[in-house]
Visitor: 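Questions regarding the structure given below will be posed in turn.
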Amino acid sequence: MFYREAGDFKTRYVDDAQTFPIRFDRLRYYAVVAVAFGVVPFLINDYWANAVLVPFLIYAIAAIGLNILTGYCGQVSLGTGGFMAVGAYACYKLMTAFPEVSILIHVLLAGGITAAVGVLFGLPSLRIKGFYLAVATLAAQFFLVWLFNKVPWFYNYSASGQISAPERTFLGHAVTGAGTTAAAKYLFCLIILFALAWLARNLTRGTVGRKWMAIRDMDIAAEIIGVNPLTTKLTAFAVSSFYIGVAGALFFSVYLGAVEVGEAFGIQKSFLVLFMIIIGGLGSIFGSFAGAAFLVLLPVLLKNILVGQFGWATDLAAHVELMIVGGLIVIFLIAEPHGLAQLWRLAKEKLRLWPFPH
Amino acid sequence: MPDQLLYAMEAGLNGLMAGVMYSLVALGFVLIFKASGIFNYAQGVLALFAALTLVGFQDGQVPFAHLINAVFGTELHHFGWRLPAIVAIALAAGVMVLLAIVIERYVLKHLVNQPPIILFMATIGMAYFLEGLGDIMWGADIKTLDVGLPQGINETVESVTGSLLGYGFFVDNLDIVASVVAALLVISLTLFSQYSKQGRALRAVADDHQAALSVGISLRFIWVLVWSIAGFVALVAGIMWGSKSGVQFSLSLIALKALPVLMLGGFTSIPGAIVGGLIIGMGEKLFEFFIGPMIGGATENWFAYVLALLFLVFRPQGLFGERIIERV
């Protein structure tokens with residue numbers, strides 16, 4: 001009834017090309033942004049920030065990054081954890097080497113460094129395809145984690161081998177270190193996520209995104225119609241790694257504060273982000289958000305129910321969680337291979353016709 | 001001969017033995033990939049699950065004891081008997097067949113005609129599910145597996161090399177048993193696929209699904225068969241790895257180690273899985289021996305993957321894989 005195109009006349013090309021062509025969608029988008037920026041920071045407390053919101057925002061960035069590579073460009077990567085580690089360690093080295101520079105610059109530079117590393121590991125993708133590439137990215141995962149473990153320069157020769165974030169401020173508010181408030185952490189991540197999601201959405205709508213999708217759908221055919229596979233695949237690797245690197249930098253500096261590489265950025269992290277985009281929907285920005293929200297909320301929810309309500313042991317609850325996550329992935333792939341984003345699309349299609357479906 | 005060379009030879013020999021262990025896991029991958037085009041990530045977890053089930057049966061554990069205790073407040077843990085190894089192995093093999101039937105009926109049947117990457121991701125989901133299931137059924141603590149395989153240093157090898165070279169090599173008995181078992185497994189699998197009716201059907205399915213269907217081969221039966229065989233291979237791998245290093249979560253990670261083996265050998269070749277395993281096993285031991293001390297050690301974590309990566313750049317289909325032909 002409210003959700004329809006009828007009566008929404010477009011008189012300029014700009015109107016026709018906008019991201020949300022339906023007025024209701026547009027208003028909903030503004031409302032979500034307004035609530036996220038204007039309401040949540042005043043209500044947030046430490047529990048919500050640390051358990052739900054900040055990890056959600058950071059994983060959403062990582063999921064968008066992986067979605068660009070896997071969902072849009074069709075190159076499966078299992079090296080996400082390793083690239084997040086690059087972002088985290090780059091950020092750490094920058095933070096300690098140039099303490100007076102704004103943390104935002106450091107985070108973005110960390111993303112840039114990760115992009116360079118990503119391009120390096122993306123080079124074989126020109127020869128290797130499909131599963132072979134997925135396995136080849138495991139080389140990045142294991143090699144990078146090993147590197148950060150073994151070379152003391154990366155963790156500034158600290159005795160424990162850990163890296164921990166010193167206190168740094170953004171616009172006068174501490175966002176890393178011990179003295180941060182929940183709202184500052186949340187807003188800092190939110191600003192970066194908002195900018196990057198906006199960028200990703202527009203990149204994927206434009207020439208670059210269309211080239212990525214052409215390569216994904218059939219690389220040889222794309223090559224014949226004039227898409228350069230070298231630059232296309234490498235830009236996908238670069239952009240994707242940039243996002244993942246930023247996520248890794250935030251994960252270390254804002255969310256965890258102190259990191260041991262094998263524990264925080266192991267192979268499990270690669271799979272977690274991969275699951276996010278599968279459950280959320282490959283090739284969809286909304287899907288990245290939905291998947292990240294789902295897999296951040298699910299463990300919290302299960303833990304609250306199983307441990308909090310039933311009083312089960314935490315290890316048992318963790319195993320049940322593994323089963324549920326695994327089972328859900330299989331169910332999702334059977335029922336809806338395109339994930340939550342497709343359900344959302346279907347719901348919108350239905351809503352357009354409602355209440356007169358004929 | 002200089003000592004350094006002797007040590008290197010010993011490291012290489014042990015690497016070969018370790019390679020056999022990787023090959024055992026890789027075999028299961030190849031079987032399923034050939035027959036159904038599915039890249040089965042869950043193979044390592046299958047091995048873990050099989051080993052857990054075996055230990056559980058042997059010790060007479062109550063399945064799901066942890067869960068039952070949590071829900072009903074009981075204090076169950078063991079039935080109080082111990083099964084002989086051979087009975088437990090038979091039962092565990094039975095469970096793997098059952099698992100194959102369940103997987104075919106509730107997962108694979110619904111995913112026919114999906115792109116390979118979706119099937120791959122489904123097997124990752126299955127891997128998580130099975131890992132959780134195994135832990136809930138039998139508990140997550142580290143278990144020792146003992147089915148009566150010989151362990152410890154092989155004295156014959158030591159004395160022979162000792163008298164020939166003046167330095168006795170250390171070779172674990174278990175590794176020798178594993179090599180023999182792997183050889184037997186490959187021979188029997190080859191015989192099965194070449195000379196039995198089901199084996200021929202299996203090869204036909206591997207060649208062309210639709211053509212096989214049209215001459216009356218039941219695809220579903222073949223899939224159950226293949227997954228059962230893969231489950232059995234996983235059980236064998238689980239027994240070997242479990243006897244060597246205990247039954248624990250890290251067992252499922254050997255699946256990851258089997259991936260570079262596959263890439264090196266080619267996804268579709270059984271001999272490739274063996275040769276790839278040997279190359280990886282020996283390569284990583286020798287690399288660790290010569291280069292490892294210079295760059296901080298623990299290179300075994302990544303050497304296999306980087307080797308496979310570099311190798312693939314020059315030969316994308318692996319050593320023995322079928323040539324990849326792409327058409328638009």
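Each chain gets a letter, A, B and so on, in the order its sequence line appears, and its residues count up from 1. None of the values given here were measured: they were computed from a predicted structure.
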Visitor: So B/Trp302 and A/Phe143, would you call those rings parallel, tilted or perpendicular, with 30° and 60° as cut-offs?
Guide: perpendicular
Visitor: Please name the pair of heavy atoms, one in A/Ile334 and one in B/His110, separated by the smallest distance, quoted to 0.1 Å.
Guide: CG2-CB, 3.4 Å
Visitor: So which part of A/Val151 gets closer than 4.5 Å to some heavy atom of chain B, the side chain, the backbone, both or neither?
Guide: neither
Visitor: Looking at every non-hydrogen atom in both residues, tell me the closest pair between A/Val330 and B/Gly125 and how far apart they are.
Guide: CG2-C, 4.0 Å
Visitor: For atom NZ of A/Lys211, decide whether the heavy atoms of other residues, nucleotides or ligands shown that lie under 6.0 angstrom number more than 12.
Guide: no
Visitor: Report, as yes or no, whether the 6.0 Å neighbourhood of atom CZ on B/Phe290 holds more than 12 heavy atoms from other residues, nucleotides or ligands.
Guide: yes
Visitor: How many angstroms lie between atom CG of A/Leu78 and atom CD1 of B/Ile124, to the nearest 0.5 angstrom?
Guide: 6.0 Å
Visitor: With only heavy atoms counted, which part of A/Ile267 is less than 4.5 Å from chain B, the side chain, the backbone, both or neither?
Guide: side chain
Visitor: Using 0.5 Å steps for rounding, measure from the CD1 atom of A/Ile329 to the CZ atom of B/Phe129.
Guide: 12.0 Å
Visitor: Around atom CZ of A/Arg210, are there more than 12 heavy atoms from other residues, nucleotides or ligands closer than 6.0 Å?
Guide: no
Visitor: Given side chains that start at C-beta, do those of A/Leu138 and B/Leu259 come closer than 4.5 Å, heavy atoms only?
Guide: yes
Visitor: Below 4.5 Å from any heavy atom of chain A, which atoms of B/Phe303 appear? Answer side chain, backbone, both or neither.
Guide: neither
Visitor: What part of B/Phe311 is in contact with chain A, defined as an atom under 4.5 angstrom from a non-hydrogen atom: side chain, backbone, both or neither?
Guide: neither
Visitor: Let me confirm one number: the CG-CE distance from B/Leu130 to A/Met323, rounded to the nearest 0.5 Å.
Guide: 8.5 Å
Visitor: Under 4.5 Å, heavy atom to heavy atom, which residues of residues 268-280 of chain A contact chain B?
Guide: A/Gln268, A/Phe271, A/Leu274, A/Phe275, A/Ile278
Visitor: Less than 4.5 Å to any heavy atom of chain A: does that hold for the side chain of B/Ala122, its backbone, both, or neither?
Guide: both
Visitor: Any idea which of B/Asp135, B/Val107, B/Leu119 has the most non-hydrogen atom pairs under 4.5 angstrom with chain A?
Guide: B/Asp135
Visitor: So for atom CD, which belongs to A/Gln162, do other residues, nucleotides or ligands contribute more than 12 heavy atoms lying within a distance under 6.0 Å?
Guide: yes
